[in-house]
Enquirer: 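I have a structure here, written as structure tokens, and I will follow up with some questions on it.
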Amino acid sequence: MILAKGKLYGEEEREVLLARLEDEINETRVRAPLRSETVIAALDALGRHIENGQFDAQLAALGLSRRTDAVRTATAMLRRENLEYRLHMELGMHLGSEYPLTPPNGSARRICRAVPLGTVLHIAAGNADGLPVLSLAEGLLTGNINLLKLPQADGGLSVEAVRCMLEIEPELADYIYGNTAQKSRRDTARSDIIRPWINR
């Protein structure tokens, strides 16, 4: 299964989709980056959908519930106040905003701005249920285009969470691509950074 431009496709369309992926990524890269507020609002709403039971069936199939510590931690990480705090702590300001910085040696003050890295390949462990959504949150918050290696063993939880987020905020569709196949050299070549996640 493949997720591209907010739609799900079957494996039979893989080669056609991959052939145009590079052009689609480059078209998105030349636009202004996502606004932090757009991403925060979508992630916060997704967390509320999880808390309100929209994903109970998928969670139950994995032996989890909304009250499981891991799920409660994940939904807390998606709350607006936590996302804003993390963004401010890690980037100093909202993405794309300029801010002054004076080096400790007293040399001339500089104007800095955090900008996206480009394209991030997220590879989650197959036993890390729902983890791609948290990794994706980081990629979106920093304005990057995201290629997700979606786990096949999470019962569709990650796919449904991403689809829900895209229903909440369709503007994110150009920044999220995913598939359940093994990562390929093409995925790696398209990426500016690779984020492997391992569940121990």
Side-chain angles (χ1 to χ4, degrees), residues 1-14 17-18 21 34 37-87 120-142 144-184 187 195-200:
M1 185 216 30
I2 300 164
L3 173 70
K5 296 282 194 180
K7 296 179 184 169
L8 289 175
Y9 298 91
E11 290 299 315
E12 67 279 0
E13 302 202 52
R14 172 179 301 283
L17 293 166
L18 289 177
L21 182 59
L34 282 170
E37 174 53 34
T38 301
V39 176
I40 289 170
L43 292 170
D44 183 67
L46 173 63
R48 293 187 193 288
H49 282 288
I50 296 168
E51 289 174 336
N52 293 334
Q54 184 170 333
F55 297 93
D56 282 359
Q58 290 95 338
L59 291 169
L62 297 169
L64 302 169
S65 79
R66 283 180 272 156
R67 291 173 263 311
T68 306
D69 285 344
V71 176
R72 289 168 44 145
T73 299
T75 55
M77 291 172 70
L78 295 173
R79 285 195 196 113
R80 169 179 290 281
E81 60 271 16
N82 292 326
L83 294 166
E84 288 174 345
Y85 176 79
R86 187 164 184 196
L87 189 63
V120 179
L121 173 61
H122 304 266
I123 304 169
N127 63 347
D129 307 322
L131 183 60
V133 173
L134 297 177
S135 185
L136 175 61
E138 293 179 356
L140 289 170
L141 273 173
T142 51
N144 292 292
I145 298 165
N146 300 272
L147 304 177
L148 300 171
K149 165 50 182 90
L150 296 164
Q152 295 176 330
D154 78 349
L157 175 62
S158 297
V159 172
E160 288 306 311
V162 172
R163 285 178 59 172
C164 178
M165 190 171 21
L166 293 173
E167 287 175 15
I168 294 164
E169 183 48 74
E171 186 181 343
L172 302 179
D174 290 343
Y175 295 84
I176 304 171
Y177 296 87
N179 71 69
T180 53
Q182 293 294 327
K183 74 173 177 57
S184 70
D187 292 336
R195 293 279 323 257
W197 289 81
I198 299 168
N199 190 22
R200 294 183 181 181

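Only this structure's heavy atoms are used, side chains among them; waters, hydrogens and symmetry mates stay out. On a predicted model such as this, the values are computed, not experimentally measured, just so you know.
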Enquirer: Apply side chain to side chain contact (heavy atoms under 4.5 Å, CB included) to K7 and list each qualifying residue two or more places apart in sequence or on a separate chain.
Expert: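 Applying side chain to side chain contact (heavy atoms under 4.5 Å, CB included) to K7 gives Y9.
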Enquirer: Using side-chain hydrogen bond (donor to acceptor under 3.5 Å, both in side chains) as the criterion, list what pairs up with Y177, not counting sequence neighbours.
Expert: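 side-chain hydrogen bond (donor to acceptor under 3.5 Å, both in side chains) check on Y177 returns E24.
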Enquirer: Can you find a heavy atom in the side chain of R86 that is under 4.5 Å from one in the side chain of L141?
Expert: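 SC-SC contact between R86 and L141 ruled out.
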Enquirer: Passes side chain to side chain contact (heavy atoms under 4.5 Å, CB included), L87 versus I40? Steps please.
Expert: CA-CA 10 Å; L87 189 63; I40 289 170; 4.3 Å; yes
Enquirer: Heavy atoms, side chains only, cut-off 4.5 Å: are L140 and N144 in contact?
Expert: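 The answer is no; the side chains never approach within 4.5 Å.
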Enquirer: Go through the structure and list residues passing side-chain hydrogen bond (donor to acceptor under 3.5 Å, both in side chains) with R48, not counting sequence neighbours.
Expert: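 By the side-chain hydrogen bond (donor to acceptor under 3.5 Å, both in side chains) rule, R48 matches D44.
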Enquirer: Got a sec, which pairs hit salt bridge (Lys or Arg N to Asp or Glu O under 4.0 Å) with one end in residues 55-73, sequence neighbours left out?
Expert: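 Pairs touching residues 55-73 that pass the test: D56-R66.
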Enquirer: Do L3 and V159 make a side-chain contact, defined as non-hydrogen atoms from C-beta onward lying under 4.5 Å apart?
Expert: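 Answer no - side chains too far apart.
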Enquirer: So does R163 pair up with E167, basic N to acidic O under 4.0 Å?
Expert: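 Not counted as a salt bridge, because no side-chain N and carboxylate O are separated by less than 4.0 Å.
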Enquirer: Does A61 have any side chain to side chain contact (heavy atoms under 4.5 Å, CB included) partners at least two apart in sequence or in another chain, and if so, which?
Expert: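 So A61 forms no side chain to side chain contact (heavy atoms under 4.5 Å, CB included) with any residue.
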Enquirer: Report yes if some heavy atom in the side chain of L18 is under 4.5 Å from a heavy atom in the side chain of I2; otherwise report no.
Expert: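 No, every pair of side-chain atoms sits at 4.5 Å or beyond.
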Enquirer: Taking all non-hydrogen atoms of both residues, which atom of L59 and which atom of S65 are closest, and how far apart?
Expert: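 For L59 and S65, the tightest heavy-atom pair comes out as CD1-C, 4.2 Å.
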Enquirer: Atom CG in L78, atom NE2 in H49: separation rounded to 0.5 Å?
Expert: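 Rounded to the nearest 0.5 Å, the CG-NE2 separation comes to 12.0 Å.
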Enquirer: Please examine the side chains of L148 and L121, heavy atoms only from C-beta on, and report whether any two atoms are closer than 4.5 Å.
Expert: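 A side-chain contact under 4.5 Å is absent here.
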Enquirer: Can you name the side chain to side chain contact (heavy atoms under 4.5 Å, CB included) partners of A76, sequence neighbours left out?
Expert: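 With sequence neighbours excluded, A76 shows a side chain to side chain contact (heavy atoms under 4.5 Å, CB included) to R79, N82, given in chain and number order.
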Enquirer: Can you tell me how far apart CG (L147) and CG (L21) are? Round to the nearest 0.5 Å.
Expert: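 Output value for this atom pair is 6.0 Å.
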Enquirer: Has N146 got a side-chain atom pairing as donor or acceptor with Y175's backbone, closer than 3.5 angstrom?
Expert: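 Yes, the answer is positive, given that a donor and an acceptor are paired below the 3.5 Å cut-off.
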Enquirer: Specify the closest pair of heavy atoms between G6 and A173, including all atoms of both residues, with the distance to one decimal.
Expert: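 Looking at all heavy atoms of both residues, the shortest contact is N-CB, 3.7 Å.
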Enquirer: Ignoring hydrogens, what is the shortest heavy-atom contact between S158 and V133? Give both atom names and the distance.
Expert: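 Heavy-atom minimum between the residues: O-CG2, 4.2 Å.
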Enquirer: Go through the structure and list residues passing side chain to side chain contact (heavy atoms under 4.5 Å, CB included) with A42, not counting sequence neighbours.
Expert: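 Residues passing side chain to side chain contact (heavy atoms under 4.5 Å, CB included) with A42: M165, I168, E169, L172.
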Enquirer: Ignoring hydrogens and angles, tell me if any N or O in the side chain of T75 forms a donor-acceptor pair with the backbone of V71 under 3.5 Å.
Expert: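 Side chain of T75 to backbone of V71, a donor-acceptor pair under 3.5 Å: yes, one is there.
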Enquirer: Decide yes or no for Q54 and E160: does some side-chain heavy atom of the first lie under 4.5 Å from some side-chain heavy atom of the second?
Expert: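 Contact flag for Q54/E160 side chains = no.
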Enquirer: Which residues satisfy the side-chain hydrogen bond (donor to acceptor under 3.5 Å, both in side chains) test with E13, sequence neighbours excluded?
Expert: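 Expected list: none.
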Enquirer: Evaluate the criterion side chain to side chain contact (heavy atoms under 4.5 Å, CB included) for residue pair F55 and L46; output intermediate values, then yes/no.
Expert: CA-CA 10 Å; F55 297 93; L46 173 63; 4.0 Å; yes
